[in-house]
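In this chain, residues are counted from 1 in sequence order.
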Amino acid sequence: MKTACHRHLILLGTQQQLLILLAYLLIWDFPGVFGSHRRSSSRCTSIPRNMALCYDIGYTEMRLPNLLDHETMAEAIQQSASWLPLLARECHPDARIFLCSLFAPVCLDRLIYPCHSLCEAVRSSCAPVMACYGYPWPEILNCNNFPEDHELCISSITVESTPSRRTVPRASCRDCELEEPGSAKEILENLCTSDFAVKIRISRKNKTAIIADFDLDSKLEVLKHGPLLHTETHARLQQWLDLDATCVRNIMRGTNAGVYVISGEIQNDKVVMVNKAYAWHKKNRNLQTAVRRWKHYKCRA
C-alpha cells in the first residue's frame with residue numbers, strides 16, 4: 001500500500017543518494033496533476049557539457065520540451081546560461097536544484113515539478129539579489145504554479161532537521177574585492193570610519209563543492225570591535241563567512257587559505273558587512289605599519 005511518503009520526492013545532497021531515489025521513482029507509479037505528463041509528450045536527451053547550469057547535477061538525462069517550454073536543446077542552453085551569474089552569487093544552497101528541475105527536468109516516466117516550498121525558499125533569498133541589478137523575480141517562476149509538498153515534487157536538498165548555517169543566506173547588493181593598500185595613513189583613516197576591524201585567517205573547507213564553505217580560525221586579532229561584544233565577534237564573523245560566500249571568495253582570489261585585515265559596518269541586528277579587505281603578507285609594509293600604529297592612533301572627530 002502506498003503511503004504519503006511515497007508521494008514526496010526529497011532530493012538529498014549526494015549523487016549516489018539522488019540516483020537511488022530516481023530508481024525508486026521508476027518502480028512506483030505516482031498519480032497527481034503535476035505528474036501527468038507521459039513519455040509520449042516529450043523525449044529524453046543527454047544533458048550536454050555546455051549546459052553549465054545543470055551538467056553533472058546528479059543525473060545525466062533530461063526531458064525536452066522542459067518545464068519552461070523550451071522546445072530545443074539550443075534554446076534551453078541559451079536561456080539557462082542567463083542564470084549562471086545568480087548561481088555564482090550563491091544566494092541559496094538549493095538554487096541550482098530548483099533551476100535545473102525546470103531547465104533540465106529529470107528523465108522519468110513523467111515530469112516532476114519543484115515543490116512550492118522549494119520555490120519559496122529560493123525566491124526569498126535570491127529575488128533580493130536580482131533586485132540589486134534591476135531584475136524582478138520572473139512570473140514564469142511564480143511559486144503558486146508549483147505543487148504543495150504533499151504532492152509528488154522536488155523538495156529541498158537542505159534537510160531542515162539538520163542545523164545548517166547556510167540555509168537562508170542574506171542578499172548583499174555590494175560586491176567586495178581585495179583592496180590594494182595605499183599609504184599607512186589611508187588605511188588608518190579607513191579603520192577610523194569603520195564600525196569594526198579585525199585581522200583573521202580564513203580557510204576554505206570544501207574545495208570541490210558547488211556551494212563554497214569557509215572557516216574562520218579560532219584565533220583572531222580584534223583591532224576595533226565597535227558595537228560587537230568581544231565574546232560574540234567570532235560568531236558574527238563566521239556568520240559573515242556563511243552568508244556572503246561570494247564576497248569571501250572574491251577576497252581570497254582562488255586561494256584555499258589566507259590572513260586578512262577586514263573592516264566594515266555592523267547592521268542593527270549585528271550582521272557584519274565587510275567593506276574593505278587587505279591581504280596580510282610580508283610585502284605589505286604599509287598595512288603592517290598601520291596595524292602596529294592603530295592602538296595609539298587618534299582618529300579625527
Quick check against the 3.5 Å criterion: does [X] have a side-chain atom that pairs as donor or acceptor with the backbone of [Y]?
X    : Y    : answer
K276 : N190 : no
R96  : L53  : yes
S80  : I77  : yes
N286 : G182 : yes

Spatial distance of atom [atom1] ([X]) from atom [atom2] ([Y]) [nearest 0.5 Å]:
X    : Y    : atom1 : atom2 : result
L99  : Q79  : CG    : CD    : 12.5 Å
K219 : I200 : NZ    : CD1   : 16.0 Å
S42  : L64  : OG    : CG    : 8.0 Å

Worksheet item: Are more than 12 heavy atoms from other residues, nucleotides or ligands located less than 6.0 Å from atom CD of E120?
Response: yes
Worksheet item: Does atom CG of N50 have more than 12 heavy-atom neighbours, drawn from other residues, nucleotides or ligands, at distances under 6.0 Å?
Response: yes
Worksheet item: Any chain of hydrophobic side-chain contacts (each under 4.5 Å) joining Y113 to I140?
Response: yes
Practice prompt. Check which hydrophobic residues are tied to L223 through side-chain heavy-atom contacts below 4.5 Å, counting indirect links as well, and list them.
Written response: I187, L188, L191, V259, V261, Y278, W280, L287, V291, W294, Y297
Discussion item. If the condition is side-chain hydrogen bond (donor to acceptor under 3.5 Å, both in side chains), which residues does R49 pass it with, not counting sequence neighbours?
Written reply: Y55
Worksheet item: L102 versus F146: any side-chain heavy-atom pair under 4.5 Å?
Response: yes
